[in-house]
Amino acid sequence: MEKYILISSGRGPRECNLAVQLVLERILAEADQYAVQIETVEVEKIDGLPCSIVLKLTGREIGVFRDRWIGTICWICQSPFRPNHRRKNWFVELKDWYPAKSAAKLNLKDVQFKAMRSSGAGGQHVNKVSSAVRATHLPTGLMVQVMDTRSQLQNREIAVLRLEEQLMALEQLKKAAVENQHWMDQVAIERGNSKRIFFGHKFKEQ
(Lines give C-alpha, C1' and ligand atoms only; values in the text may rest on other atoms or scores of the structure.)
Protein backbone atom coordinates (compact mmCIF):
# COMPACT_ATOMS: atom_id res chain seq x y z
CA MET A 1 0.00 0.00 0.00
CA GLU A 2 1.21 3.47 -0.82
CA LYS A 3 0.08 7.07 -0.55
CA TYR A 4 1.50 10.41 -1.59
CA ILE A 5 1.38 13.61 0.44
CA LEU A 6 2.37 17.18 -0.34
CA ILE A 7 4.00 19.49 2.21
CA SER A 8 3.57 23.09 1.03
CA SER A 9 4.30 26.56 2.34
CA GLY A 10 1.73 28.00 -0.07
CA ARG A 11 4.38 30.34 -1.47
CA GLY A 12 4.66 31.88 1.98
CA PRO A 13 7.70 33.75 3.33
CA ARG A 14 11.04 32.14 4.06
CA GLU A 15 9.97 31.23 7.58
CA CYS A 16 7.21 29.03 6.14
CA ASN A 17 9.73 27.32 3.88
CA LEU A 18 11.86 26.60 6.94
CA ALA A 19 8.74 25.16 8.56
CA VAL A 20 8.37 22.80 5.57
CA GLN A 21 11.91 21.57 6.24
CA LEU A 22 11.19 21.11 9.96
CA VAL A 23 7.96 19.22 9.23
CA LEU A 24 9.86 16.90 6.89
CA GLU A 25 12.46 16.18 9.57
CA ARG A 26 9.71 15.45 12.10
CA ILE A 27 7.89 13.17 9.66
CA LEU A 28 11.07 11.21 8.99
CA ALA A 29 11.68 10.90 12.74
CA GLU A 30 8.14 9.64 13.43
CA ALA A 31 7.95 7.25 10.47
CA ASP A 32 9.85 4.44 12.22
CA GLN A 33 7.27 4.35 15.03
CA TYR A 34 4.62 3.38 12.47
CA ALA A 35 6.84 1.18 10.29
CA VAL A 36 6.30 3.61 7.42
CA GLN A 37 8.87 4.05 4.69
CA ILE A 38 9.28 7.56 3.27
CA GLU A 39 10.59 8.39 -0.19
CA THR A 40 11.05 11.95 -1.43
CA VAL A 41 9.51 12.22 -4.90
CA GLU A 42 9.71 15.95 -5.65
CA VAL A 43 11.32 18.96 -3.96
CA GLU A 44 10.96 22.59 -4.99
CA LYS A 45 13.30 25.05 -3.30
CA ILE A 46 13.56 28.80 -2.97
CA ASP A 47 16.80 30.29 -1.62
CA GLY A 48 17.96 26.88 -0.44
CA LEU A 49 14.81 26.02 1.52
CA PRO A 50 11.98 23.75 0.33
CA CYS A 51 8.68 25.46 -0.43
CA SER A 52 7.03 22.18 -1.40
CA ILE A 53 7.87 18.52 -1.01
CA VAL A 54 6.07 15.44 -2.31
CA LEU A 55 6.54 12.28 -0.27
CA LYS A 56 5.66 8.68 -1.08
CA LEU A 57 4.54 6.66 1.95
CA THR A 58 4.54 2.87 2.02
CA GLY A 59 3.76 0.44 4.83
CA ARG A 60 0.82 -1.14 6.64
CA GLU A 61 0.18 1.79 8.99
CA ILE A 62 0.34 4.62 6.46
CA GLY A 63 -3.36 5.37 6.98
CA VAL A 64 -2.87 6.09 10.68
CA PHE A 65 0.38 7.93 10.03
CA ARG A 66 -1.19 10.04 7.28
CA ASP A 67 -4.09 11.03 9.51
CA ARG A 68 -1.63 12.46 12.05
CA TRP A 69 -0.33 14.93 9.49
CA ILE A 70 -2.91 15.80 6.84
CA GLY A 71 -4.11 19.35 7.49
CA THR A 72 -2.59 22.66 8.56
CA ILE A 73 0.54 22.70 10.69
CA CYS A 74 1.33 25.81 12.75
CA TRP A 75 4.82 26.70 13.90
CA ILE A 76 4.89 29.40 16.58
CA CYS A 77 8.32 30.97 16.76
CA GLN A 78 10.14 34.26 16.50
CA SER A 79 11.48 34.59 12.97
CA PRO A 80 15.07 33.33 12.73
CA PHE A 81 15.54 35.53 9.66
CA ARG A 82 13.82 38.74 10.84
CA PRO A 83 14.31 39.08 14.61
CA ASN A 84 12.20 42.24 14.90
CA HIS A 85 9.31 40.91 12.84
CA ARG A 86 6.05 40.91 14.79
CA ARG A 87 4.61 37.80 13.19
CA LYS A 88 5.27 34.55 15.05
CA ASN A 89 2.76 32.12 13.50
CA TRP A 90 3.97 30.30 10.38
CA PHE A 91 1.76 27.84 8.50
CA VAL A 92 2.29 24.93 6.16
CA GLU A 93 -0.27 22.46 4.90
CA LEU A 94 -0.12 18.75 4.18
CA LYS A 95 -2.45 17.40 1.50
CA ASP A 96 -3.04 14.15 -0.32
CA TRP A 97 -1.19 14.11 -3.62
CA TYR A 98 -2.16 12.19 -6.73
CA PRO A 99 0.68 11.71 -9.22
CA ALA A 100 -0.03 12.07 -12.91
CA LYS A 101 -0.38 8.76 -14.68
CA SER A 102 1.89 8.01 -17.59
CA ALA A 103 0.28 7.65 -20.97
CA ALA A 104 -0.85 4.10 -21.66
CA LYS A 105 0.33 2.52 -24.90
CA LEU A 106 -2.43 1.77 -27.38
CA ASN A 107 -3.58 -1.83 -27.05
CA LEU A 108 -5.00 -3.20 -30.28
CA LYS A 109 -7.37 -5.36 -28.24
CA ASP A 110 -9.09 -2.11 -27.25
CA VAL A 111 -9.62 -1.07 -30.88
CA GLN A 112 -12.70 -2.02 -32.86
CA PHE A 113 -12.23 -2.00 -36.63
CA LYS A 114 -15.01 -1.79 -39.17
CA ALA A 115 -14.55 -2.02 -42.93
CA MET A 116 -16.46 0.55 -44.99
CA ARG A 117 -16.84 1.54 -48.58
CA SER A 118 -14.83 4.59 -49.51
CA SER A 119 -16.69 7.67 -50.59
CA GLY A 120 -15.80 10.27 -53.16
CA ALA A 121 -13.91 10.05 -56.41
CA GLY A 122 -12.24 6.78 -57.29
CA GLY A 123 -14.13 5.02 -60.02
CA GLN A 124 -15.55 1.53 -59.86
CA HIS A 125 -13.05 0.41 -57.20
CA VAL A 126 -14.57 2.79 -54.67
CA ASN A 127 -18.03 1.41 -55.25
CA LYS A 128 -17.17 -2.28 -55.10
CA VAL A 129 -14.45 -2.68 -52.45
CA SER A 130 -14.78 -1.92 -48.71
CA SER A 131 -11.25 -0.62 -48.27
CA ALA A 132 -12.01 2.27 -45.90
CA VAL A 133 -11.62 1.61 -42.18
CA ARG A 134 -13.32 3.03 -39.11
CA ALA A 135 -11.34 2.44 -35.91
CA THR A 136 -12.79 3.09 -32.47
CA HIS A 137 -10.82 3.08 -29.23
CA LEU A 138 -13.37 1.50 -26.91
CA PRO A 139 -12.06 2.76 -23.52
CA THR A 140 -12.17 6.42 -24.61
CA GLY A 141 -14.62 6.44 -27.49
CA LEU A 142 -12.08 8.11 -29.79
CA MET A 143 -12.75 7.29 -33.44
CA VAL A 144 -11.01 7.79 -36.75
CA GLN A 145 -12.07 6.97 -40.28
CA VAL A 146 -9.41 6.34 -42.92
CA MET A 147 -9.79 5.96 -46.69
CA ASP A 148 -6.36 7.20 -47.72
CA THR A 149 -5.41 4.14 -49.78
CA ARG A 150 -7.06 1.31 -51.68
CA SER A 151 -5.56 -1.19 -49.26
CA GLN A 152 -7.67 -1.99 -46.21
CA LEU A 153 -4.55 -3.21 -44.37
CA GLN A 154 -2.73 0.06 -44.99
CA ASN A 155 -5.78 2.03 -43.91
CA ARG A 156 -5.91 0.02 -40.67
CA GLU A 157 -2.27 0.85 -40.00
CA ILE A 158 -2.91 4.55 -40.66
CA ALA A 159 -5.97 4.43 -38.40
CA VAL A 160 -3.89 3.02 -35.54
CA LEU A 161 -1.31 5.78 -35.95
CA ARG A 162 -4.00 8.45 -35.89
CA LEU A 163 -5.64 6.93 -32.83
CA GLU A 164 -2.28 6.96 -31.07
CA GLU A 165 -1.91 10.66 -31.95
CA GLN A 166 -5.36 11.42 -30.54
CA LEU A 167 -4.64 9.43 -27.38
CA MET A 168 -1.38 11.31 -26.89
CA ALA A 169 -3.18 14.63 -27.28
CA LEU A 170 -5.81 13.50 -24.76
CA GLU A 171 -3.11 12.46 -22.30
CA GLN A 172 -1.43 15.85 -22.69
CA LEU A 173 -4.69 17.60 -21.82
CA LYS A 174 -5.14 15.38 -18.75
CA LYS A 175 -1.54 15.97 -17.69
CA ALA A 176 -1.96 19.74 -18.03
CA ALA A 177 -5.09 19.59 -15.87
CA VAL A 178 -3.28 17.57 -13.19
CA GLU A 179 -0.28 19.92 -13.23
CA ASN A 180 -2.60 22.90 -12.89
CA GLN A 181 -4.28 21.28 -9.89
CA HIS A 182 -0.88 20.52 -8.38
CA TRP A 183 0.07 24.19 -8.77
CA MET A 184 -3.16 25.25 -7.05
CA ASP A 185 -2.45 22.80 -4.22
CA GLN A 186 1.01 24.28 -3.73
CA VAL A 187 -0.17 27.88 -3.74
CA ALA A 188 -3.39 27.67 -1.73
CA ILE A 189 -3.11 26.55 1.88
CA GLU A 190 -5.55 26.81 4.75
CA ARG A 191 -4.37 28.92 7.66
CA GLY A 192 -5.96 28.40 11.05
CA ASN A 193 -7.71 25.36 12.54
CA SER A 194 -4.30 23.73 12.88
CA LYS A 195 -3.97 19.96 13.01
CA ARG A 196 -0.74 20.15 15.01
CA ILE A 197 1.15 23.03 16.61
CA PHE A 198 4.90 23.23 17.19
CA PHE A 199 6.82 25.82 19.20
CA GLY A 200 10.23 27.44 19.19
CA HIS A 201 13.43 26.90 17.32
CA LYS A 202 13.58 23.27 18.48
CA PHE A 203 10.19 22.60 16.88
CA LYS A 204 8.65 20.97 19.96
CA GLU A 205 5.02 19.96 20.11
CA GLN A 206 2.98 20.80 23.19
Side-chain angles (χ1 to χ4, degrees), residues 1-82 85-104 139 170-206:
M1 188 175 182
E2 65 182 36
K3 288 185 180 294
Y4 293 81
I5 60 173
L6 165 71
I7 313 171
S8 176
S9 66
R11 296 302 188 272
R14 195 178 182 194
E15 291 85 355
C16 292
N17 296 339
L18 177 57
V20 170
Q21 177 65 43
L22 295 172
V23 166
L24 173 64
E25 294 172 0
R26 186 62 176 256
I27 284 177
L28 295 175
E30 290 187 5
D32 288 342
Q33 303 174 28
Y34 294 85
V36 171
Q37 290 75 50
I38 306 291
E39 177 185 342
T40 301
V41 178
E42 294 180 20
V43 179
E44 183 179 353
K45 292 186 176 182
I46 297 176
D47 295 331
L49 289 172
C51 59
S52 69
I53 302 174
V54 177
L55 300 177
K56 177 182 177 182
L57 281 59
T58 55
R60 290 183 299 177
E61 300 297 326
I62 60 176
V64 176
F65 185 73
R66 167 204 169 277
D67 290 344
R68 285 178 53 79
W69 285 102
I70 292 296
T72 301
I73 306 298
C74 178
W75 177 37
I76 301 176
C77 183
Q78 185 71 47
S79 170
F81 308 116
R82 298 175 287 176
H85 194 63
R86 291 186 297 175
R87 179 179 170 183
K88 293 183 179 180
N89 292 358
W90 315 102
F91 296 95
V92 301
E93 188 172 6
L94 281 79
K95 305 177 182 180
D96 289 312
W97 181 267
Y98 303 96
K101 295 181 180 179
S102 59
L170 182 62
E171 290 293 337
Q172 289 296 324
L173 288 174
K174 291 180 178 179
K175 182 179 179 181
V178 170
E179 289 177 348
N180 182 64
Q181 184 58 53
H182 284 179
W183 169 256
M184 294 300 295
D185 287 341
Q186 290 175 348
V187 172
I189 71 170
E190 180 181 352
R191 292 172 173 82
N193 193 26
S194 302
K195 183 70 171 285
R196 299 176 68 174
I197 301 175
F198 297 86
F199 296 85
H201 296 287
K202 294 185 178 180
F203 206 65
K204 290 188 176 181
E205 191 171 17
Q206 294 183 4

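If you read the sequence from its start, that first residue is 1, and numbering goes on from there. Because the structure is predicted, anything quoted here is derived from the model rather than measured.
Considering all non-hydrogen atoms of both residues, Val92 and Ala19 come closest at CG1-CB, 3.7 Å. Here the closest non-hydrogen pair linking Pro50 and Val43 is CB-CG1, 4.2 Å.
Atom CZ of Arg82 has more than 12 neighbouring heavy atoms from other residues, nucleotides or ligands inside a 6.0 Å radius.
With rounding to the nearest 0.5 angstrom, the CD1 atom of Ile197 is 5.5 Å from the CD1 atom of Ile76. Interatomic distance, CD of Gln78 versus CD of Glu15, reported as 9.5 Å (0.5 Å rounding). Leu55 contributes atom CG, which lies 10.5 Å from atom CH2 of Trp69 (distance to the nearest 0.5 angstrom). For the atom pair Leu28 CG and Gln37 CD, the distance stands at 12.0 Å (nearest 0.5 Å). Expressed to the nearest 0.5 Å, how far CD of Glu93 lies from OG of Ser194 amounts to 10.0 Å. Ile7 CD1 to Leu94 CG: the interatomic distance, rounded to the nearest 0.5 Å, is 5.0 Å.
Checked by atom type and distance alone, the side chain of Lys95 never pairs as donor or acceptor with a backbone atom of Leu6 at under 3.5 Å. Looking at Ser9, its side chain never comes within 3.5 Å of a backbone N or O of Asn17 through a donor-acceptor pair.
Looking at Phe81 and Leu49, their side chains come closer than 4.5 Å, going by heavy atoms from C-beta outward. Looking at heavy atoms from C-beta onward, Thr58 lies out of side-chain contact with Val36 at the 4.5 angstrom threshold. A heavy-atom distance below 4.5 Å is not found between the side chains of Arg87 and Ser79. Taking the side chain as every heavy atom from C-beta outward, Ile53 and Val23 never approach each other to under 4.5 Å. Side chains of Glu42 and Ser52 form no contact here, defined as non-hydrogen atoms less than 4.5 Å apart. Put simply, the side chain of Arg196 reaches to within 4.5 Å of the side chain of Arg26, judged on heavy atoms. Side-chain atoms of Trp75 and Leu18, non-hydrogen and from C-beta on, do get closer than 4.5 Å to each other. Side chains of Ile38 and Phe65 form a contact here, defined as non-hydrogen atoms less than 4.5 Å apart.
Taking the six-membered ring where tryptophan is involved, the planes of Phe203 and Phe198 are essentially parallel, since the angle between them stays under 30° and well short of 60°.
Residues in residues 64-77 take part in these salt bridge (charged side-chain N to carboxylate O under 4.0 Å, His left out) pairs, two or more places apart or across chains: Glu30-Arg68, Arg66-Asp96.
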